[in-house]
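Okay, structure first, notes after.
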Amino acid sequence: MNRSTLYRFLVILMLFAVPLLIAAAKVGDSAPEFTTTASNGKTIRLSDYRGKFVVLEWHNNGCPYVGKHYNSGNMQRLQKQWTSKGVVWLTVLSSAPGKQGYLTAGEENDYLTKEHAAPTAALLDPTGEIGHLYNVKTSPQMVVVNPQGTVIYSGAIDDKPTTDLQDVQGATNYVSLALEQAMAGEPVQTPATRPYGCSVKYKD
Amino acid sequence: MRLCHPRPDICRAAALAAAALLSCAVGSRAAGTPIPHGTLELVSENQWIAPGHTIHLGLHFQLEKGWHIYWVNPGDSGEPPRVTWQLPAGVRADEIEWPTPRRLGTSSIVDFGYEDDVMLLVPLRAGVGAAALGAGDGSVQLRGEVKVLVCREMCIPGKAQLSLTLPVKSQAPEPDAQTNGLFAAARKAMPRPAPATWRISVADARDSFSLTAKLGKHIAQASFFPLEESQIKNAAPQQFTAVPGGFRLTLQKSDQLLKPIVRLKGVLVLAGDQGYIMDVPVNHTVAARRDDGGALDFVAASPAKRDWPPLQ
């Protein structure tokens, strides 16, 4: 292969590679694989959890919509409720360094302790790679992956897109609904909703 | 016009002390209430309300540079301002009329909203039975609680208690010279009904909607703001193609759109920032109709008033 052929080959490869990189997963797609470090120091691979339901929770501790669910205890309650049923719950931090919601591993561990949060692990994603893979727009956007590795829900945590604590009660929780229906072998009735909240503070 | 209410004597005295003026509602214009990184003021276009007449109130937001609030469809994040009115019996506030929004953000997350200075309009109708309203001192107090999310890089929720006192009279409400300028600017910023001669059609093209507008003139650029959430990908570029007498826009469908939609509603913004209200049926059978000569492809944009805006 001479140099110009190689060059042409590389250009063509890039033309194909770019759309592949930006094609993000949506409901019905197979959940894109990722490997990252959790705040507890462990390496987390999505495929390690094949055979289990996985919930991905996008987090930003400064976002008032996230605050609604932590200050009311709703998020912690959901984490405990579903992990006790064998669901893997991964909190994902996609804020870039210097932006709202960015935390170091130590800071995130302190946060989890302070909030009595109980995810399986909190994933540090300062490059935003996992967030972009799942086309995540907001915190707290939620994604549910079934044991076969298919995305079965992506969107809002519930049907009350506000920052008011009192709106947690009486809201229809889409994550719980998706898990309940999928565990009962039923199709998920509401598999995609507008993910309300703060925009994810991705790297510029 | 009255300067102050309900205690004009106190207000007159306070007028001597400039600072005290801030707490007094002055006619159809109350003082701005602080919200995060800005102020919000409740204003009236008219000097008084009258039974059987509709007037317009304005929610006038003034924001610090770089901060924004949201349109009725906020786009990828955020939420629109919401008002809970406390009005005397017989007086009813209608849904907010929203000015043409702007696209905020250029990355993978795009929102729709307003920066700097913006006024939302609220029609306020006094029923015929409202005559008894002014029985006491001849005026009514209009109160509303506004919840608003103000964002820049980060978002701060705010709340404002607004109040405005207006006289009740039997004759038709006269405009207020003090607020005329504000309302003229607000009306200019509102999207207009699309002219009856325009032919706008929308075809469902699998992963996108193809919006074709025949306006009978050359158009250099256009963009579409969807009234409803989760129909198009807000951050995706809207591909513009000039066609004879108009243009075509290709709008990528949202990942959250899992069922076919019947109508596409929104605001079409042409060069010069003028917005036009658009509400057209979505054609799901383009190929079949083309065989028929395509006569049904084009449907007049005819926004029925009751359909706009359907969202609170």
Side-chain angles (χ1 to χ4, degrees), chain A residues 22-29 58 60-68 94-96 98-102 128 131-141 143 151 153-156 160-165 167 174 187-204, chain B residues 35-37 68-84 103-113 145-159 207 226-237 252-259 261 311-312:
Chain A
I22 58 171
K26 54 181 192 287
V27 168
D29 291 351
W58 261 267
N60 166 353
N61 69 338
C63 168
Y65 295 90
V66 172
K68 170 173 87 164
S94 294
S95 291
K99 297 210 171 184
Q100 187 191 51
Y102 171 78
H132 287 303
L133 271 179
Y134 285 84
N135 196 19
V136 171
K137 307 282 190 191
T138 69
S139 60
Q141 186 166 341
V143 172
V151 177
Y153 179 76
S154 180
K160 295 276 164 64
T162 69
T163 56
D164 288 338
L165 255 65
D167 282 339
Y174 292 129
V188 175
Q189 295 293 331
T190 309
T193 60
R194 173 185 178 261
Y196 74 79
C198 304
S199 58
V200 176
K201 312 308 176 194
Y202 287 120
K203 186 176 66 166
D204 290 326
Chain B
I35 55 169
H37 299 278
H68 62 260
I69 60 167
Y70 294 88
W71 188 41
V72 58
N73 172 7
D76 283 334
S77 69
E79 69 177 274
R82 287 168 218 271
V83 196
T84 310
R103 223 173 136 90
L104 305 166
T106 50
S107 64
S108 60
I109 298 168
V110 165
D111 295 331
F112 306 134
E145 182 188 79
V146 177
K147 288 180 181 172
V148 58
L149 187 76
V150 186
C151 300
R152 188 172 156 176
E153 173 66 25
M154 59 167 115
C155 296
I156 305 172
K159 208 185 265 188
D207 293 334
L227 182 64
E228 285 173 32
E229 298 169 351
S230 306
Q231 291 189 334
I232 71 165
K233 269 185 187 152
N234 303 318
Q252 300 298 320
K253 281 187 190 175
S254 163
D255 287 350
Q256 291 130 33
L257 187 66
L258 304 176
K259 291 176 188 158
I261 56 169
L311 300 176
Q312 177 65 38

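Residue numbering restarts at 1 for every chain, and letters A, B, ... go by the order of the sequence lines. Note that the coordinates shown come from a computational prediction; the quantities given were computed from them, not determined experimentally.
Note: A:His132 and A:Tyr202 have parallel aromatic rings, judged against thresholds of 30 and 60 degrees for the angle between ring planes.
Distance alone, capped at 3.5 Å, places no donor-acceptor pair between the A:Lys201 side chain and the A:Tyr102 backbone.
Side-chain N/O atoms of A:Gln141 and A:Tyr134 include no donor and acceptor closer than 3.5 Å. Under 3.5 Å, the side chains of A:Gln100 and A:Ser95 contain no donor-acceptor pair of N or O atoms.
With a 6.0 Å radius and a threshold of 12 heavy atoms from other residues, nucleotides or ligands, A:Lys203 has its NZ atom at or below the threshold.
Only the side chain of B:Leu149 has a heavy atom closer than 4.5 Å to any heavy atom of chain A. With a threshold of 4.5 angstrom between heavy atoms, A:Thr193 approaches chain B through N, CA, C or O but not through any side-chain atom. At a 4.5 Å heavy-atom cutoff, A:Asp204 makes no contact with chain B through either its backbone or its side chain. With a 4.5 angstrom heavy-atom cutoff, B:Ser108 touches chain A via backbone and side-chain atoms both. For A:Ser139, no part sits under 4.5 Å from any heavy atom of chain B, backbone or side chain. There is no contact between A:Asn60 and chain B, counting heavy-atom distances below 4.5 Å.
For the set B:Ser230, B:Gly78, B:Ala235, the count of heavy-atom pairs under 4.5 angstrom toward chain A peaks at B:Gly78. The residue among B:Gly105, B:Pro74, B:Cys151 with the most heavy atom pairs within less than 4.5 Å of chain A is B:Pro74.
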Would A:Cys63 and A:Cys198 count as a disulfide bond (SG atoms under 2.5 Å apart) if you check the C-alpha gap in whole Å, the side-chain angles of each, and the deciding distance to 0.1 Å? CA-CA 6 Å; A:Cys63 168; A:Cys198 304; 2.2 Å; yes

